[in-house]
Amino acid sequence: MHLIKILFSCVVFFVLFVDTLEAKSVTAIALFTDRAMLSIDGKKAKIIRAGSEYQGVKLITSNTSEAVIEVNGARETLTLNGTTIVSEQLGAFDKKSDAVVEMRVGAGGFFESDGTINGRGIKFLVDTGASLVVLSSKQANSIGLSYLDGERGLASTASGTAPMYTIRLNSISVGGIQLNDIDAGVIEGGFPEVPLLGMTFLSKVDMTRSGNLMTLKER
């Protein structure tokens with residue numbers, strides 16, 4: 001079997017499928033600078049360091065925004081939350097964007113999902129009535145967002161009006177879907193209690209609902 005050399009950085013699920021006689025998968029369970037926790041074919045995960053090899057998988061380098069892999073001397077830079085098909089015969093990399101996220105309705109009739117903003121973990125509440133992705137200043141501070149340089153305006157909250165800053169996020173990921181350069185609003189105070197996954201994200205994916213199941217699919 002040809003070597004698959006993989007590198008990643010951030011905490012996410014990231015699957016690669018190798019075009020061999022039998023499809024193989026590599027999942028990055030956790031990603032760090034110069035280290036990654038990898039699971040081969042769904043087996044017990046193992047942390048390996050850049051330059052080390054595990055079951056035919058070698059990490060080259062990693063940082064908090066991208067991953068580099070090498071197959072038979074061919075290298076590729078990977079971003080988070082994407083799936084790459086590796087052609088064994090050609091040693092080439094073909095991008096594939098077909099990530100699907102399924103959510104079941106929770107307490108109160110809302111759909112919630114774990115995700116990331118700029119690589120930092122956060123929980124979202126899906127809100128088709130929100131024109132923007134929205135989070136509170138408390139949440140923004142907790143993940144290190146510098147929002148005070150954004151465009152200042154006012155937002156209506158349950159407690160009245162409050163300052164809101166419109167900013168652009170480098171990336172938002174939900175499940176296996178990652179979108180870049182997404183507009184968002186940061187409201188001063190503690191509202192909303194859970195960040196809202198609004199239309200600046202949802203309008204860029206295919207969204208369907210069937211009963212208690214909501215499906216988001218990458219375009």
Side-chain angles (χ1 to χ4, degrees), residues 9-14 30-33 63-66 79-82 97 99-219:
S9 28
C10 252
V11 178
V12 291
F13 290 96
F14 197 112
L31 304 171
F32 314 94
T33 299
N63 57 44
T64 58
S65 62
E66 63 185 22
T79 56
L80 298 174
N81 294 320
S97 296
V100 176
V101 178
E102 292 185 344
M103 294 171 282
R104 294 198 174 275
V105 68
F110 298 108
F111 292 93
E112 295 186 0
S113 177
D114 292 328
T116 68
I117 291 178
N118 296 351
R120 300 289 298 273
I122 203 161
K123 181 178 287 292
F124 288 109
L125 185 150
V126 176
D127 187 351
T128 57
S131 58
L132 292 167
V133 172
V134 180
L135 57 162
S136 69
S137 59
K138 180 179 179 180
Q139 295 150 355
N141 289 328
S142 72
I143 60 173
L145 285 183
S146 300
Y147 63 90
L148 293 176
D149 292 332
E151 183 178 352
R152 191 177 188 275
L154 292 176
S156 178
T157 73
S159 301
T161 58
M164 183 178 80
Y165 298 83
T166 303
I167 61 174
R168 177 156 291 187
L169 302 173
N170 293 333
S171 67
I172 294 179
S173 69
V174 177
I177 301 175
Q178 176 175 306
L179 299 181
N180 301 321
D181 298 323
I182 300 297
D183 288 332
V186 177
I187 299 177
E188 285 281 12
F191 176 88
E193 294 182 2
V194 179
L196 305 179
L197 191 66
M199 295 306 294
T200 45
F201 182 94
L202 297 174
S203 65
K204 300 179 186 300
V205 300
D206 293 326
M207 178 173 55
T208 58
R209 178 174 179 176
S210 178
N212 292 329
L213 179 68
M214 177 175 286
T215 302
L216 304 181
K217 183 175 182 180
E218 189 171 12
R219 289 177 181 170

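Every heavy atom of this structure was used, including side-chain atoms; hydrogens, water molecules and symmetry mates were not.
Annotation for G176 and E218: closest pair O-OE1, 4.2 Å, computed over non-hydrogen atoms. In this structure, A140 and V186 approach most closely via the heavy-atom pair CB-CG1, 3.8 Å. Minimum heavy-atom separation, F111 to V105: CE2-N, 3.4 Å. Between G189 and S137, the shortest heavy-atom distance links the atoms N-OG, 2.8 Å.
Listed by first and then second residue, the ring pair (Phe, Tyr, Trp, His ring centres under 6.0 Å) pairs that reach into residues 177-199 come to none, sequence neighbours excluded. Applying the side-chain hydrogen bond (donor to acceptor under 3.5 Å, both in side chains) test to every pair with at least one member in residues 205-216, sequence neighbours left out, gives these pairs: D206-R219. Here salt bridge (charged side-chain N to carboxylate O under 4.0 Å, His left out) pairs that include residues 126-141, with residues two or more places apart or in two chains, number zero. For residues 99-115, the set of pairs meeting the side-chain hydrogen bond (donor to acceptor under 3.5 Å, both in side chains) definition, not counting sequence neighbours, comprises D114-K123. Here salt bridge (charged side-chain N to carboxylate O under 4.0 Å, His left out) pairs that include residues 191-205, with residues two or more places apart or in two chains, number zero.
To the nearest 0.5 Å, the span separating CG on L154 from CD1 on I187 amounts to 10.5 Å. Considering CD1 of I143 and CD1 of I122, their distance stands at 4.0 Å, rounded to 0.5 Å. Interatomic distance, CG of N170 versus CG of N118, reported as 4.5 Å (0.5 Å rounding).
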Which donor-acceptor pairs under 3.5 Å do the side chains of residues 145-153 make with protein atoms, sequence neighbours left out?
unit_1: R152; atom_1: NE; unit_2: Y165; atom_2: OH; d: 3.3

Give every donor-acceptor pair under 3.5 Å between a side-chain atom in residues 194-203 and any protein atom, sequence neighbours left out.
unit_1: T200; atom_1: OG1; unit_2: V133; atom_2: N; d: 3.0
unit_1: T200; atom_1: OG1; unit_2: D183; atom_2: O; d: 2.8
unit_1: S203; atom_1: OG; unit_2: M199; atom_2: O; d: 2.6

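Partners of S171 according to the side-chain hydrogen bond (donor to acceptor under 3.5 Å, both in side chains) rule, which considers only residues two or more places apart in sequence or in another chain, do not exist here.
Here the side chains of L135 and I117 are in contact, with some heavy-atom distance below 4.5 Å.
Between the side chain of Q178 and the main chain of T116, no donor-acceptor pair closer than 3.5 Å is present.
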